[in-house]
There are 2 protein chains.
Amino acid sequence: MSVRALRYYEEQVLLQVDRNSGGQRHYPDTAVGRVRLIQQLYAAGLPSRTVREALPCVDSGHVSPELLDRLEAERVRVDQRITDLLTVRDRLHDVIAVARNPGPGCTHAR
Amino acid sequence: MSVRALRYYEEQVLLQVDRNSGGQRHYPDTAVGRVRLIQQLYAAGLPSRTVREALPCVDSGHVSPELLDRLEAERVRVDQRITDLLTVRDRLHDVIAVARNPGPGCTHAR
DNA sequence: TTGGCAGCTGACATCGGCGTCAGGTTTTAG
DNA sequence: CTAAAACCTGACGCCGATGTCAGCTGCCAA
């Protein structure tokens with residue numbers, strides 16, 4: 001994690017941060033898991049707006065039905081993405097296998 | 001597919017395109033699969049540089065050992081990404097389930 | 001007290017994968 | 001043959017998550 005990213009999350013109201021009297025940040029220890037979650041959601045490609053809306057709900061445990069639908073839609077997209085990635089992985093696997101094993105005279109550079 | 005994207009791929013030398021005497025593009029029919037492949041690789045999050053280097057190798061069937069290592073590394077990253085996405089999907093699933101059904105025990109799967 | 005590291009703020013820079021607009025050329029319909 | 005339609009090139013715009021730089025300020029050690 002970069003400091004910049006933490007500041008950014010805070011700025012986006014994704015992460016709550018305490019300050020001491022001098023204005024310096026003090027991260028509650030829950031922040032670690034929180035940041036991990038944020039990164040996961042970003043990595044999953046959820047629109048940042050959805051992330052912004054979803055996180056407070058994760059906190060409060062209350063989800064509006066509208067958001068619920070959006071989350072469901074996101075889940076479907078994530079599923080699709082997973083299967084796409086599986087395809088790509090297999091493809092990479094094939095390319096690598098063929099390249100590794102082009103027959104007898106393979107000069108192993110490593 | 002947008003026209004712009006095709007032009008972009010061509011510009012990046014990912015896609016080979018013929019021209020007629022007047023300079024207008026003429027796509028060989030292999031272009032369809034090609035474009036699909038490109039999009040898959042992009043979607044998989046491979047660095048565009050790697051995509052640029054990998055595609056000619058897919059054509060020629062020849063892969064330098066160096067690139068091979070990079071591909072292998074990418075495959076690992078894709079795998080990692082898949083497991084991350086699975087985690088997120090489960091998480092979404094839980095949130096949705098709980099929101100739908102706030103009665104029984106909350107299966108807080110981390 | 002003071003030096004200096006560390007943290008803060010704000011703003012501008014970057015990068016990738018396109019969208020989009022402008023201004024010119026080729027193709028095509030009538 | 002001509003006008004419209006379709007294509008071409010080049011360039012600038014955009015968005016999101018950070019990097020980065022500058023100019024202050026707070027905090028701790030000596």
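Predicted model, so just to flag it, every value in this text is computed and none were measured. Letters A, B, ... are given to chains in the order of the sequence lines, protein chains preceding strands, and every chain is numbered from 1.
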Shared hydrophobic cluster, B/Leu41 / B/Met1 (ILVMFWY, side-chain heavy atoms < 4.5 Å)
yes
Can you figure out which of D/dC8, C/dC8, D/dG16 approaches the side chain of A/Tyr8 most closely?
D/dG16
Does anything in residues 23-47 of chain A form a salt bridge (Lys or Arg N to Asp or Glu O under 4.0 Å)? List the pairs, not counting sequence neighbours.
A/Glu10-A/Arg25, A/Arg34-A/Asp59
Length of the line joining B/Glu11:CD and C/dG19:C1', which is rounded to integer Å
14 Å
Whichever of B/Tyr9 and A/Arg4 has the more 5' nearest nucleotide on DNA chain C, that residue is A/Arg4
Need one value for B/Arg49: base, sugar-phosphate or nothing, where a base atom within 4.0 Å counts as base even if backbone is also close, heavy atoms only.
nothing
Cluster check A/Val76, A/Val78: I/L/V/M/F/W/Y, side chain < 4.5 angstrom:
no
Testing C/dG17, C/dT9, D/dT18 for proximity to the side chain of A/Arg25, the answer is C/dT9
Assign B/Arg7 to base, sugar-phosphate, or nothing according to its heavy-atom contacts below 4.0 angstrom with the strands shown.
base
Using whole Å, what does the distance between atom P of nucleotide C/dA6 and atom OH of A/Tyr27 come to?
16 Å
Does C/dT9 have OP1 or OP2 under 4.0 Å away from a side-chain N or O of A/Arg19?
yes
Whole angstroms only, please: what is the CE-P distance between A/Met1 and D/dA17?
13 Å
Nearest-Å distance, CD (B/Gln12) to P (C/dG17)?
8 Å
Could you check how far CD of B/Gln24 sits from P of C/dT25, rounded to whole Å?
13 Å
Whole-Å gap separating P (C/dG17) and CG (B/Leu41):
11 Å
Separation of C/dG7 P from A/Asp18 CG (nearest whole Å):
17 Å
From CD1 of B/Ile38 across to P of C/dG16 the rounded distance in Å is 16 Å
Transitive ILVMFWY side-chain link A/Ile38 to A/Val32, under 4.5 Å:
no
Along DNA chain C (nearest heavy atom to each residue), the more 5'-positioned of B/Asn20 and B/Tyr42:
B/Tyr42
Could you work out which one of D/dC27, C/dC18, D/dT9 sits closest to the side chain of B/Ser2?
C/dC18
Distance in Å, A/Tyr9 OH paired with A/Arg4 CZ, rounded so as to fall on 0.5 Å steps:
11.0 Å
Starting at the 5' end of DNA chain D, which residue's closest nucleotide do you reach first, B/Val3 or A/Ser21?
B/Val3
